[in-house]
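Notes to accompany the following structure.
In this chain, numbering begins with 1 at the start of the sequence shown.
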Amino acid sequence: MHTLSKLLRGVATQQVIGNRNVSVKAICFDSRAVSQDALFVAVPGTKVDGHAYIPQAIAAGSSVIVCEQVPADLAPQVTYVVVDHSAEALSKLAANFQNNPAAHLKLVAVTGTSGKTSTVHLLYGLFKQLGYRVGMLSTIYNKVDEQTCSATLTTPDAVQLHSLLARMVDQGCQYCFMEASSHAMVQARMAGLQLAGAVFLNISHEHLDYHQTFDAYIKAKQQLFDELPAQAFALYNADDQRGTVMVQNTLAAQHSFAMKSLADFTAKLLANTWQGIALRITNKTAWFQLLGAFNAYNLLAAYATACLLAQDSDEVLLALSSLLPIPGRFQRIHTPHNFDVIIDYAHKPGALENVLTAIQQIKSQQGKVITVLGCGGNRDQQKRPLMARIACKRSNQTILTTDNSRDEDPQAILEAMKAGLSPAQQQKTWSIVDRATAIKVAYQLAHSHDVVLIAGKGHEHYQEIQGSKYPFSDEAVVRELIG
């Protein structure tokens with residue numbers, strides 16, 4: 001139980017109408033979750049405006065309304081708090097409600113178009129190996145030390161975020177590693193978080209359905225570093241042309257990592273095989289079980305982060321070398337027919353290019369590459385022809401299929417992808433709407449030494465169609481074909 005006056009500490013308010021000492025039992029931004037004596041924050045969204053649901057929240061028992069606009073009719077016995085930015089207020093209220101758990105953790109945020117999930121999982125596994133209690137917030141799932149919790153967003157909403165951080169503190173966690181999405185930055189889900197550091201991996205074409213322009217997408221990522229305190233660290237990829245842009249305004253101590261440029265932390269790829277990769281990191285050689293040259297950057301970022309958190313470099317390399325590949329991220333399944341299936345979450349042009357390049361580098365000379373690829377509905381439409389073009393350029397055979405069509409016509413999505421192909425490329429491209437059938441056809445086409453890439457869904461265990469989620473797993477389909 002908290003009083004409103006305590007929860008409002010650090011929250012910029014325009015006006016408070018009513019009793020500041022009212023008791024608050026919960027923080028909500030969804031009127032359907034409101035219970036007696038809850039505080040409801042009316043947040044304007046891209047599709048719905050929370051202000052429209054203030055009457056429902058009051059009817060459900062809300063005693064405090066936080067809003068940007070005061071309703072015309074004020075309900076008796078309800079306190080109204082007027083703020084400039086509801087989403088930012090929500091984050092700070094949620095932090096206060098949980099007694100600011102981030103202040104009791106060394107919290108590091110990782111951002112970038114590709115590699116966030118892999119890097120965060122590496123850091124979680126690394127610090128567990130080093131003997132710490134650790135929390136993790138990621139796309140695949142969240143972890144409170146050993147306990148696994150489901151994840152619905154790359155970065156949780158503010159209420160869930162601070163609730164999870166509080167559970168980590170209760171469980172004795174010392175560190176937490178989290179993915180920071182561009183959506184989360186724009187929506188102020190991380191407002192007021194006390195970070196020990198932030199990591200920038202890379203940036204390429206993605207989420208333009210939301211951000212509208214690439215420049216706006218860059219600025220959303222940059223915001224993470226702009227808000228870092230002076231005592232934190234800002235670690236960036238010096239090989240990415242926008243690496244220095246990310247940290248140009250930060251107060252934090254700047255550190256760089258790279259494989260092609262001069263940097264504070266450097267690495268060189270020594271071997272790249274189906275068994276893993278060998279790297280020389282700052283004059284020390286180590287073997288890692290992750291596949292694909294692109295993972296060298298994720299490993300180097302994890303190594304650099306651990307060193308900046310004052311861990312012994314030799315122990316860090318030893319721990320990293322023991323970590324297993326992450327589910328749905330360049331996940332290899334070797335078949336009885338002597339060809340390989342790779343399941344990967346690649347759903348962006350840059351990520352798809354990286355994965356296909358990695359396959360070309362590892363596969364045998366005589367092997368072909370067969371790619372199964374879909375693009376999600378109600379998402380960035382500009383990337384559809386780009387991804388189809390990349391798949392055709394880097395593959396011997398491409399099969400276009402569905403991938404969470406959501407509210408769109410699956411066939412229309414496939415046609416939008418095919419629009420990026422030349423007549424010659426279309427000749428080696430098949431369109432099969434049913435994803436399971438597309439995977440089966442690719443499997444049947446493959447011969448010894450070939451590689452089948454199934455891209456887009458990775459770890460996901462569902463297909464999202466017309467507002468419903470249906471059970472579906474790329475890996476399950478492959479295992480059934482093998483079985």
Looking at every heavy atom in both [X] and [Y], which two are closest together, and how far apart are they?
| X | Y | result |
| --- | --- | --- |
| Pro410 | Val433 | CB-CG1, 3.9 Å |
| Ala258 | Ala238 | CB-CB, 4.0 Å |
| Asp380 | Lys383 | O-CG, 3.4 Å |
| Ala296 | Ile277 | N-CD1, 3.9 Å |
| Val120 | Ser138 | CG1-CB, 4.3 Å |
| Thr371 | Ser395 | OG1-OG, 2.6 Å |

Are any side-chain N or O atoms of [X] and backbone N or O atoms of [Y], one a donor and one an acceptor, separated by less than 3.5 Å?
| X | Y | result |
| --- | --- | --- |
| Ser405 | Gly377 | no |
| Ser118 | Gly115 | no |
| Asn202 | Gly112 | no |
| Arg384 | Cys375 | no |
| Glu353 | Ile390 | no |
| Ser91 | Ala158 | no |
| Gln311 | Leu309 | yes |
| Gln187 | Ala87 | no |
| Glu408 | Asn378 | yes |
| Gln289 | Ser321 | yes |

Are any of the side-chain heavy atoms of [X] and [Y] separated by less than 4.5 Å?
| X | Y | answer |
| --- | --- | --- |
| Asp407 | Gln466 | yes |
| Ser163 | Phe97 | no |
| Val110 | Phe177 | no |
| Tyr303 | Leu126 | no |
| Ile333 | Arg479 | yes |
| Phe288 | Leu323 | no |
| Asp312 | Leu130 | no |
| His183 | Thr155 | no |

Before giving the answer on side-chain contact (heavy atoms from CB on, under 4.5 Å), spell out for Gln194 and Leu107 the whole-Å C-alpha distance, their side-chain angles and the decisive distance to 0.1 Å.
CA-CA 7 Å; Gln194 294 164 271; Leu107 178 61; over 6 Å; no
How long is the gap from [atom1] on [X] to [atom2] on [Y], to the nearest 0.5 Å?
| X | Y | atom1 | atom2 | result |
| --- | --- | --- | --- | --- |
| Leu324 | Gln331 | CG | CD | 11.5 Å |
| Asn237 | Phe265 | CG | CZ | 13.5 Å |
| Ile439 | Glu475 | CD1 | CD | 11.0 Å |
| Lys221 | Thr113 | NZ | OG1 | 5.5 Å |
| Asn354 | Asn295 | CG | CG | 9.5 Å |
| Leu318 | Ser313 | CG | OG | 11.5 Å |

Which pairs with one or both residues in [range] pass ring-ring contact (aromatic ring centres under 6.0 Å, His included), sequence neighbours excluded?
| range | value |
| --- | --- |
| residues 462-483 | none |
| residues 311-331 | Phe294-Phe330 |
| residues 414-450 | His337-Tyr443, Phe339-Tyr443 |

Hey, is [atom1] on [X] packed in by over 12 heavy atoms from elsewhere, all under 6.0 Å?
| X | atom1 | answer |
| --- | --- | --- |
| Lys219 | NZ | no |
| Lys284 | NZ | yes |
| Glu480 | CD | no |

Verdict with reasoning, Lys363 to Asp450, per salt bridge (charged side-chain N to carboxylate O under 4.0 Å, His left out):
CA-CA 8 Å; Lys363 76 174 184 65; Asp450 289 349; over 6 Å; no
Let's go through Glu227 and Met185 carefully: what are the C-alpha distance in whole Å and the side-chain angles of both, what is the deciding distance for side-chain contact (heavy atoms from CB on, under 4.5 Å) to 0.1 Å, and is it a yes or a no?
CA-CA 10 Å; Glu227 296 176 0; Met185 298 310 301; 4.2 Å; yes
Result for side-chain hydrogen bond (donor to acceptor under 3.5 Å, both in side chains) between Asp145 and one of Gln171, Gln174, Lys128 points to Lys128
My understanding is that only one of Asn142, Leu137, Leu165 makes a side-chain contact (heavy atoms from CB on, under 4.5 Å) with Gln160; could you say which?
Asn142
Across all chains, not counting sequence neighbours, the side chain to side chain contact (heavy atoms under 4.5 Å, CB included) partners of Ala301 are Thr119, Val199, Leu201, Phe257
Among residues two or more places apart or on two chains, list those pairs meeting salt bridge (charged side-chain N to carboxylate O under 4.0 Å, His left out) that have a residue in residues 426-445.
Arg435-Asp474
Residue pairs passing the salt bridge (charged side-chain N to carboxylate O under 4.0 Å, His left out) test where at least one lies in residues 320-336, sequence neighbours excluded
Arg332-Asp340
Checking side chain to side chain donor-acceptor pair (under 3.5 Å) for the pair Lys457/Asn404: CA distance, chi angles, key distance, verdict?
CA-CA 9 Å; Lys457 294 189 68 62; Asn404 297 331; 2.9 Å; yes
